[in-house]
Number of protein chains: 2
Amino acid sequence: MRMAKGVEWALHTLLNLDMIGGGPVGSGQLAEAHGLSASYLNKQLQQLARAGLVVSVPGPRGGFRLARPLEAITLLDVVEAIEGSTQLFHCTEIRCCGKIGELSPPPTDTCAVNAAMRRAEEAWRQALAAQCLADIRGELDRVPMVRQVVRTVLE
Amino acid sequence: MRMAKGVEWALHTLLNLDMIGGGPVGSGQLAEAHGLSASYLNKQLQQLARAGLVVSVPGPRGGFRLARPLEAITLLDVVEAIEGSTQLFHCTEIRCCGKIGELSPPPTDTCAVNAAMRRAEEAWRQALAAQCLADIRGELDRVPMVRQVVRTVLE
DNA sequence: CGATCCTGGACATGTAATGTCCGTAATATG
DNA sequence: CATATTACGGACATTACATGTCCAGGATCG
Ligand code: SF4
Ligand code: SF4
């Protein structure tokens, strides 16, 4: 049970896009900045575009730019854009299988196990939604040179 | 990013073990009760045993029994017994790779992204730890026949 | 002793994330 | 208009890990 690596890629890339300013940046440059696979990062960026977090502009001098300020992008937005909004705990309804399943009446409501797991997952999602990328940028800015390095690499 | 199916297996099996009472039950019967793979469920039960949630007794008429009452087993106990205690968000330290990594000074503290993710994950773990299996048994008991069926199947 | 059942490692299989490739469409530039 | 550049998206290949199977021990009961 591990979160997709693409989430980390997306978060750093979004932060970099913010530091560079307005102009669109190509996926190649963004990948090179962190030594990532260009094609695969491009796929992740497409998902961010579909989710409305970035805007893609084709053509020469094209690339990706932020669709809205970091204040309006939460961690949950990024996680759901990359991972989708599937449940962490996915029920197989094993209560309906085997001997117990055969002897039991068909279940009428959602099971207690599933409900409990859902509650915990909801706490996680709320904690993700409560933190925006601007908060993280704030902590990042306390380290010197970061902004300058990003600008140098991405021009 | 999906939780291992073994967690669902373990939860149901623990609840079944409680309903049957004290005596040990073989992994074969427990698997048959829900139509699961006997060998694989056995592996999961071994992990529960290592985590101290169940006690294994070898020999004829052996099997597994609860190590402590359901009041003392939280959802977090089960999840960590099966999944291990690895982080949901596992950092690859890509900030140290690529052009940005080369130009940046070696990072001194844990990064802000990782910290934020850890906070959210902590909320999840706390929500898991706040719910014990006895709560779930309580909800389950509102459905008639459940207890009786389990006793019939597992003798 | 012999049957039963857990233990634990080795191995096979399935599935999803990760990574690559290439043809297509869109657009800036000359 | 011609061309180069870039995103788009589908079709693969590769890798990692969960899932499932099997077998040779070891413990325990009768
Ligand atoms: S009883 Fe709950 S956890 Fe078990 S299979 Fe059904 S929904 Fe899933
Ligand atoms: S900066 Fe944070 S999220 Fe990025 S690689 Fe380092 S620890 Fe991971």
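All values derive from a computational prediction rather than experimental measurement. Convention: sequence-line order gives letters A, B, ...; per-chain numbering from 1.
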**Q** Between A:Met1 (CE) and D:dT19 (P), how many Å, whole number?
**A**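 Result: 11 Å.
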**Q** For B:Glu139 and A:Ala112, indicate whether the former's side chain and the latter's backbone hold a donor-acceptor pair under 3.5 Å.
**A** no
**Q** Rounded to whole Å, please give me the gap between CD in B:Gln29 and P in C:dT4.
**A**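 Going from CD in B:Gln29 over to P in C:dT4 covers 13 Å.
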**Q** B:Glu32 has an atom CD; how far is it from atom C1' of C:dC5, in whole Å?
**A**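 Rounding to the nearest Å, CD of B:Glu32 and C1' of C:dC5 are 15 Å apart.
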**Q** Closest approach of A:Ser56 and A:Phe64, non-hydrogen atoms and distance?
**A**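 For A:Ser56 versus A:Phe64, the nearest heavy atoms are CB-CE2, 3.5 Å.
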**Q** Any non-hydrogen side-chain atom of B:Asn42 less than 4.5 Å from a side-chain atom of B:Gln46?
**A**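 They are in side-chain contact.
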**Q** Taking the side chain as everything from C-beta on, heavy atoms only, tell me whether B:Asn16 gets closer than 4.5 Å to A:Ile100.
**A**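 They are in side-chain contact.
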**Q** Phosphate oxygens OP1/OP2 of C:dC5: is one of them under 4.0 Å from a side-chain N or O of B:Ser27?
**A**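 Answer is no, no contact under 4.0 Å.
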**Q** Looking at A:Leu11 and B:Met117, what are the two nearest heavy atoms and their distance?
**A** CD1-CE, 3.8 Å
**Q** Whether B:Glu71 and B:Arg137 form a salt bridge (side-chain N of Lys/Arg under 4.0 Å from carboxylate O of Asp/Glu) is what I want to check.
**A**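 Here B:Arg137 pairs with B:Glu71 in a salt bridge, since their nearest N and O are under 4.0 Å apart.
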**Q** Counting only non-hydrogen atoms, which of residues 38-64 of chain B are less than 4.0 Å from DNA chain D?
**A** B:Ser39, B:Tyr40, B:Lys43, B:Pro58, B:Gly59, B:Pro60
**Q** Between B:Lys5 (NZ) and C:dG14 (P), how many Å, whole number?
**A**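 From B:Lys5 NZ to C:dG14 P: 13 Å.
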**Q** If the cut-off is 4.0 Å, is A:Ser37 near the phosphate of C:dT18, judged by side-chain N/O to OP1 or OP2?
**A** no
**Q** Rounded to whole angstrom units, what separation is found between the CZ atom of B:Arg2 and the P atom of C:dG14?
**A**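 Interatomic distance, CZ of B:Arg2 to P of C:dG14: 18 Å.
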**Q** Expressed in angstrom and rounded to an integer, what is the separation of A:His90 atom NE2 from D:dT19 atom P?
**A**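 After rounding, the gap between these two atoms is 13 Å.
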**Q** Nearest-Å distance, CG (A:Leu30) to P (D:dT5)?
**A**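 The distance from CG of A:Leu30 to P of D:dT5 comes to 18 Å, rounded to the nearest Å.
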**Q** Rounded to the Å, how far apart are A:Glu83 CD and C:dA17 C1'?
**A** 9 Å
